[in-house]
Amino acid sequence: MSAAPETYDAIVLGAGGAGLMCAAMAGQRGRRVLVIDHADQAGKKILISGGGRCNFTNIHTAPDRYLSANPHFAKSALGRYTPQDFLALVERHGIAWHEKTLGQLFCDQSARQIVAMLLAECEAGGVTIRLSHVISAVTHADGRYSVTHGGRIATAPALVIATGGPSIPKIGATAFAYDLARQFGLKVVEPRPALVPLTLGGEDLLFRSLSGVSTEVVARHGKTAFREAALLTHRGLSGPAILQISSYWRHGAAIALDFLPDQTPGWLTEAKRGKPRATLTQSLRGHLPDRLADALAERLALPGDLGNIPDRKLQDAERRLSAWSFTPNGTEGFAKAEVTIGGISTAGLSSQTMEARHLPGLYAIGEAVDVTGWLGGYNFQWAWASGWVAAQFL
Ligand code: FDA
């Protein structure tokens, strides 16, 4: 171990999106910043994001698209560092981008460009980045934080927790942020996998035979609804609509899928008038993938010509098709979750600075904090915004 500790103005733990943004901006404000990460590469989640093209922000970013025990917490940071601010940075670096759908902005070429951009910004700020360094101890005394890592000790008056959440452990995600937060007296809101496929059992298992079928639905849980694609898998349900609703789902609750979001009430009885000799299966095949249409018609158990089925039964069938209820028996867990919901409680943090209220110099940013966005670039926008905000105070 080196004799004298190295001194910095700020130490950032975690070289993900939030940590790199924070370090770069603080460095460019003249701070001497050290970033430490145990992974062998910076920004690994950025690299695998958006199918390798990184959905780096969403132009419809708004606080109500984030889940947190305190729904107001994210307002300040999201308002001060906006998608347009990040886009301006992307454009300054000459990275070509496009809007895919629903305000989601992606790189034309590769997520690697976003990591390269953040590293270039860190370099412009003179930031020191240490990768493949295991953090063995973090202490606080006399107004300074000391971090022991790979045989060295670094100290600084400011420490930023940016080690994310435990989703996708195989690329180095850990619950380290929570342990550290608790060590320093911050509370942690129960972490749960979010933006995650849901698993089915019991009766719903029959849908397993439809693995690979995808269709546009409205997925509902309570008052929350998302209209996007759902994908039936061999374990249950996935696809954007399901990932979105999974963040709101709790064990034991049901979710409802509207398989025919474009059909207005009465469509089946109208179909009966128009084509009385068609079967329910045939009618459904006009709107849904064949295998799904067949499975749903089988479960609705209304055989024969539509003309021979009473209107009342057709109306019941319509109602079931517009709110097909599934009670998932679980999720595919942190191994498959795009993000973690919950995390370091915002109750102990200032929304203006991201600093701990009771402990000067301690900051928490990014996914480590109990702020979780919808699918579609919202989580990176939170990482950039919270990192940028903290950097203004280091
Ligand atoms: P992040 O997890 O990125 O970084 C934390 C860093 O801390 C990592 O580098 C890790 O190695 C390090 N670390 C962890 N434990 C440590 C320890 N004990 N010691 C030292 N270092 C440690 N979001 C979005 O907006 N658009 C998208 O397209 C996608 N796509 C996507 C795909 C997939 C497959 C996943 C898993 C996730 C997404 N996301 C996403 C979510 C997004 O990746 C996520 O919200 C951000 O990366 C969070 O950034 P952070 O910097 O907070 O954490």
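Order of appearance sets the numbers: ligands from 1, and atoms from 1 within every ligand. Heavy atoms only: backbone and side chains are in, while hydrogens, waters and symmetry mates are out.
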J.: Have Thr199 and Asn329 got a donor and an acceptor in their side chains that come within less than 3.5 Å?
T.: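 The criterion, which ignores hydrogens and geometry beyond distance, is satisfied for Asn329 and Thr199.
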J.: Strictly under 4.0 Å, does any heavy atom of Gly377 approach an atom of ligand 1?
T.: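 True for this residue.
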J.: Using a 3.5 Å cut-off on N or O atoms only, is Ala18 in polar contact with ligand 1?
T.: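 N/O-N/O distance below 3.5 Å exists for this pair.
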J.: Under 3.5 Å, is there a donor-acceptor pair linking the side chains of Ser350 and Arg357?
T.: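 Distance-only check fails for Ser350 and Arg357.
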J.: Hey, is Arg285 close enough to Asp294 for a salt bridge, meaning N to O under 4.0 Å?
T.: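 A salt bridge is present here (some side-chain N lies under 4.0 Å from a carboxylate O).
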J.: Taking the six-membered ring where the residue is Trp, are the ring centres of His140 and Tyr145 under 6.0 Å apart?
T.: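 Yes, they do, as the ring centres are separated by less than 6.0 Å.
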J.: So among Tyr81, Phe393, Trp382, which one has a ring-ring contact (aromatic ring centres under 6.0 Å, His included) with Trp388?
T.: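 Of Tyr81, Phe393, Trp382, ring-ring contact (aromatic ring centres under 6.0 Å, His included) with Trp388 is met by Tyr81 alone.
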J.: Show the atoms of ligand 1 that are less than 4.0 angstrom away from any heavy atom in Gly366.
T.: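 The atoms of ligand 1 under 4.0 Å from a heavy atom of Gly366 are 52 (O).
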J.: Distance only, no hydrogens: is a donor on one side chain within 3.5 Å (strictly under) of an acceptor on the other, for Glu91 and Trp97?
T.: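 Distance-only check passes for Glu91 and Trp97.
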J.: Report the part of Asn379 (side chain from C-beta onward, or backbone N, CA, C, O) that has a heavy atom under 4.0 Å from ligand 1; answer both or neither where that applies.
T.: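 Within the 4.0 Å criterion, Asn379 contacts ligand 1 through backbone and side-chain atoms alike.
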J.: What protein heavy atom is closest to atom 47 (O) of ligand 1, reported as residue, atom name and distance in Å?
T.: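 Answer for atom 47 (O) of ligand 1: Phe380 CE2, 3.3 Å.
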J.: Are any of the heavy atoms in Ser167 under 4.0 Å away from ligand 1?
T.: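 No.
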J.: Relative to the heavy atoms of Gly172, which atoms of ligand 1 are at a distance of less than 4.0 Å?
T.: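 Checking each atom against Gly172, I get 11 (O), 14 (C), 15 (N).
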J.: State the atoms of ligand 1, each with its element, that fall below the 4.0 Å cut-off from a heavy-atom position in Val339.
T.: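 Close to Val339: 41 (C), 45 (O).
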J.: Looking at ligand 1, does any of its N/O atoms fall within less than 3.5 Å of an N/O of Ala383?
T.: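 There is no such contact.
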J.: Using the rule given for salt bridge (charged side-chain N to carboxylate O under 4.0 Å, His left out), can you reason through Asp258 versus Arg320, listing the C-alpha separation, both sets of side-chain angles and the distance that settles it, and then say yes or no?
T.: CA-CA 8 Å; Asp258 181 349; Arg320 275 194 75 190; over 6 Å; no
J.: Looking only at side chains, do Arg152 and Thr148 share a donor and an acceptor under 3.5 Å apart?
T.: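 The criterion, which ignores hydrogens and geometry beyond distance, is not satisfied for Thr148 and Arg152.
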J.: Does even one non-hydrogen atom of Glu338 get within less than 4.0 Å of ligand 1?
T.: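 Yes, that is the case, since the closest heavy atom of the residue is under 4.0 Å from the ligand.
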J.: Identify, for atom 34 (C) of ligand 1, the protein heavy atom at the shortest distance, and state residue, atom and that distance.
T.: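 Ranked first by proximity to atom 34 (C) of ligand 1 is Ile48 CD1, 3.6 Å.
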J.: Could you work out, with ring-ring contact (aromatic ring centres under 6.0 Å, His included) as the rule, every residue matching His149, not counting sequence neighbours?
T.: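 ring-ring contact (aromatic ring centres under 6.0 Å, His included) list for His149, sorted by chain: His133.
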J.: Under a 3.5 Å cutoff, is there a donor and acceptor pairing between the side chains of Thr57 and Gln381?
T.: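 Note: Thr57 and Gln381 side chains meet the donor-acceptor criterion.
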J.: Would you check whether Gly50 has a nitrogen or oxygen atom less than 3.5 angstrom from a nitrogen or oxygen atom of ligand 1?
T.: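 Min N/O separation from ligand 1 is below 3.5 Å for Gly50.
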J.: Closest non-hydrogen protein atom to atom 1 (P) of ligand 1, residue and atom name please, with distance?
T.: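 Its nearest protein heavy-atom neighbour is Gly16 CA, 4.2 Å.
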J.: Starting from atom 15 (N) of ligand 1, what is the nearest protein heavy atom, named by residue and atom, and what distance separates them?
T.: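 Going atom by atom, the protein heavy atom closest to atom 15 (N) of ligand 1 ends up being Thr174 OG1, 2.6 Å.
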J.: Go through the side-chain N and O atoms of His287 and Gln263 and say whether any donor and acceptor fall under 3.5 Å apart.
T.: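 A donor-acceptor contact under 3.5 Å links the two side chains.
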J.: Suppose I only count heavy atoms of Ile168 and a 4.0 Å limit; which atoms of ligand 1 are within that range?
T.: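 Under 4.0 Å from Ile168, ligand 1 has these atoms: 36 (C).
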J.: Between Gln104 and Glu99, is there a side-chain donor-acceptor contact under 3.5 Å, judged purely by atom types and distance?
T.: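 Per modelled atom types, Glu99 and Gln104 side chains form no pair under 3.5 Å.
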J.: Which protein non-hydrogen atom lies closest to atom 13 (N) of ligand 1, naming both residue and atom, and how far is it?
T.: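 For atom 13 (N) of ligand 1, the nearest protein heavy atom comes out as His38 NE2, 3.5 Å.
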J.: Compare Ser49, Ala42, Pro169, Gly164 and give the one whose heavy atom is closest to atom 30 (N) of ligand 1.
T.: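 Looking at heavy atoms only, the winner is Ser49.
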J.: How far is atom 8 (C) of ligand 1 from its nearest protein heavy atom, and which residue and atom name does that atom have?
T.: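 Looking only at protein heavy atoms, the one closest to atom 8 (C) of ligand 1 is Asp37 OD2, 3.3 Å.
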J.: Return the closest protein heavy atom for atom 26 (N) of ligand 1 as residue, atom name and distance.
T.: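 Minimum-distance protein heavy atom for atom 26 (N) of ligand 1 reads Asn55 O, 2.9 Å.
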J.: For ligand 1, is any non-hydrogen atom under 4.0 Å from Tyr378's backbone (N, CA, C, O), its side chain (CB onward), both, or neither?
T.: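 Backbone only.
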J.: Which residue and atom name correspond to the protein heavy atom nearest atom 44 (C) of ligand 1, and how close is it?
T.: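 The closest one turns out to be Glu367 OE1, 3.1 Å.
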J.: So that I know where these two stand, are Phe56 and Phe86 an aromatic pair - ring centroids less than 6.0 Å apart?
T.: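 Yes: the rings meet the under 6.0 Å criterion.
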J.: For Gly14, counting its heavy atoms only, list the atoms of ligand 1 lying under 4.0 Å from any of them.
T.: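 Under 4.0 Å from Gly14, ligand 1 has these atoms: 6 (C), 7 (O).
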J.: Within ligand 1, which atoms have a heavy atom of Ala39 less than 4.0 Å away?
T.: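 Under 4.0 Å from Ala39, ligand 1 has these atoms: 11 (O).
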J.: Using a 4.0 Å cutoff against the non-hydrogen atoms of Ala162, which atoms of ligand 1 qualify?
T.: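 Those atoms are 5 (C), 6 (C), 7 (O).
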J.: With atoms numbered from 1 as shown, which atoms in ligand 1 lie under 4.0 angstrom from a non-hydrogen atom of Ile135?
T.: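 So the atoms of ligand 1 that pass are 19 (N), 20 (C).
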J.: Please check this pair: side chain of Tyr8 against backbone of Ala158, looking for a donor-acceptor N/O pair closer than 3.5 Å.
T.: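 A pair under 3.5 Å: no.
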J.: Would Arg29 and Asp9 pass as an ion pair if we require N to O under 4.0 Å?
T.: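 Asp9 and Arg29: not salt-bridged.
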